[in-house]
2 protein chains.
Amino acid sequence: MLSHFTVDCVIYTFHEAQLKILLTERNEYPYKGWWALPGFYVEKDEEMEDAVKRISYENTGLKDIYLEQLAAFAGVKRHPEGRILTVAYVALVRYDNVKNKVKPVTSYMKQAKWYPINHLPDLAFDHREIIQLSVEKLKKRLSYSLAPFELLPEKFTLTQFQQVYEALLGETLDKRNFRKKINNLGYLKELDEFQTGVSYRAARLYKLDRRKFQKLFE
Amino acid sequence: MLSHFTVDCVIYTFHEAQLKILLTERNEYPYKGWWALPGFYVEKDEEMEDAVKRISYENTGLKDIYLEQLAAFAGVKRHPEGRILTVAYVALVRYDNVKNKVKPVTSYMKQAKWYPINHLPDLAFDHREIIQLSVEKLKKRLSYSLAPFELLPEKFTLTQFQQVYEALLGETLDKRNFRKKINNLGYLKELDEFQTGVSYRAARLYKLDRRKFQKLFE
DNA sequence: ACAAAAGTGTTTAGTCTACACCCATGC
DNA sequence: GCATGGGTGTAGACTAAACACTTTTGT
């Protein structure tokens, strides 16, 4: 008897100075009408990483996104039909790449919507707990992973970069100290381009210097 | 159709200045005669945390040990009979508590034995990969978790404490700097007791000051 | 001219690193 | 008395934190 299980995706993005998670409104028993993480059964011969890619693609229209396993959840009572184990994954996407693509893809869900991590609706199953754990893990990774860059557009301002940190840490940071620190890290490349369309002084744009980042972490 | 899956335990201890992992010699198809992590199927109505406790108890004779989920492994080809998902857990135990208790408990295993993490035999399934991941994770947790204290006896010398760090980090540390650092942390309580049975100057014993440790991490 | 956010340095306190010798004990 | 690990301090480099004003741009 082989394993029968699901995967669920916690898909993050950064928009309007907030971290947001993609939720879908279920259109099927159980928890019909409730909001839930995008997720589904893994096929018999499908690697679970592929299942996650498939599901996140169906929900965001994006391939090749940053994915990482979070944990398995297998509470005997987590599913009303009996124990169904789920493996949760975290995905990070850029809002620009995704903003007009999010839509319900199958009849299983009515709609998909981005919710700020501080204002989530009631959630199906144990999805609240899954999200909670994912936030904590992301927080820890912040300063020694590419996570911030997967959430931001390719070219970003230092203020945006700082906002990602602030949103996850849940506290405000000193602008000068923050800039000094990232300057020391040395893996941000200063561009000769500036923000457009703002009614105040346009900020310089930066991007990640991948080569320097790699070196720093061997 | 409910989930059918296993749990596997990476059980660490610290002995002879080395980190060791408990392995069992399998006495059943598949991988009969191979060394493997202790693990087994989770019962239909059994929480997986309970299954891990059961399996680690059967193999070490200890209850209430430090347990933490590592990750789920679900490669389609990881098991010769077809995909069986496993959830790996990490457990840390004190060698003193366990040294005479380890034995084969069921007919499924011929024997159990501690192997230093640097000298592991060939392993069944994807267990090498599981161990690899667990070492990396433990390394990261080292300095902000109770992990070192779960591996050491309740009363330990500073040299033993340092050896735990060295074994996991895979490098030697400067004695003076190490002692200065842990002094600053301030959660080691100096005892008025000393090592016995050594043929050189007896080292002072220390133990964890749990109250101070808690405070440090809120 | 005003509103909004960009950008920019210095001082002080704390932490990290490198480094070598004497001490106590058991045999 | 010798072998073995136990135990100790200091100087220099680096990192972290606190803190406020001027500049640029669009309306």
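Each chain gets a letter, A, B and so on, in the order its sequence line appears, and its residues count up from 1.
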A:D174 CG to C:dA6 C1', in whole Å, measures 14 Å

Against the side chain of B:R201, the closest entry in C:dA18, D:dG6, D:dT27 is D:dG6

Donor-acceptor side-chain pairing of B:Q163 and B:Y165 below 3.5 angstrom
no

Looking only at D:dT25, D:dG9, D:dG6, the nucleotide nearest the A:Y200 side chain is D:dT25

Worksheet item: Any side-chain N or O of B:R179 under 4.0 Å from OP1/OP2 of D:dG7?
Response: yes

Salt bridge between A:E68 and A:R141, side-chain N to carboxylate O under 4.0 Å?
yes

In whole angstroms, the gap separating P of C:dC16 from CD1 of B:I182 amounts to 13 Å

Separation of D:dG7 atom P from B:F161 atom CZ, nearest Å, is 15 Å

When A:K180 and A:Q195 are each assigned the nearest nucleotide of DNA chain C, the 5'-most assignment goes to A:Q195

Atom NZ of A:K181 and atom P of D:dC14 are separated, to the nearest Å, by 18 Å

note: B:F156, atom CZ; D:dG5, atom P; distance rounded to Å ~ 20 Å

side-chain contact (heavy atoms from CB on, under 4.5 Å) filter on B:K212, not counting sequence neighbours, yields B:Y187, B:D209

Scan side-chain atoms only and decide if A:N183 and A:K180 contain a donor-acceptor pair under the 3.5 Å cut-off.
-> no

When A:F194 and B:R176 are each assigned the nearest nucleotide of DNA chain C, the 5'-most assignment goes to A:F194

Sorted by position of nearest nucleotide on DNA chain D, 5' first, the leading residue of A:A202 and A:N177 is A:N177

A:Q162 atom CD is separated from C:dT8 atom P, nearest whole Å, by 14 Å

In whole angstroms, the gap separating P of D:dG7 from CG of B:N183 amounts to 12 Å

Among the nucleotides C:dC27, C:dC19, D:dG6, whichever has the atom closest to the side chain of B:T159 is D:dG6

Of D:dG7, C:dA6, C:dA18, the nucleotide closest to the side chain of A:K175 is C:dA6

Scan side-chain atoms only and decide if A:S134 and A:Y89 contain a donor-acceptor pair under the 3.5 Å cut-off. no

When rounded to whole Å, the CZ to P distance for the pair B:F178 and C:dA18 reads 16 Å

Looking only at D:dG7, D:dT10, C:dA20, the nucleotide nearest the B:A203 side chain is D:dG7

Hey, does B:N184 reach any base, or is it just sugar-phosphate, or nothing, if we go heavy atoms under 4.0 Å?
nothing

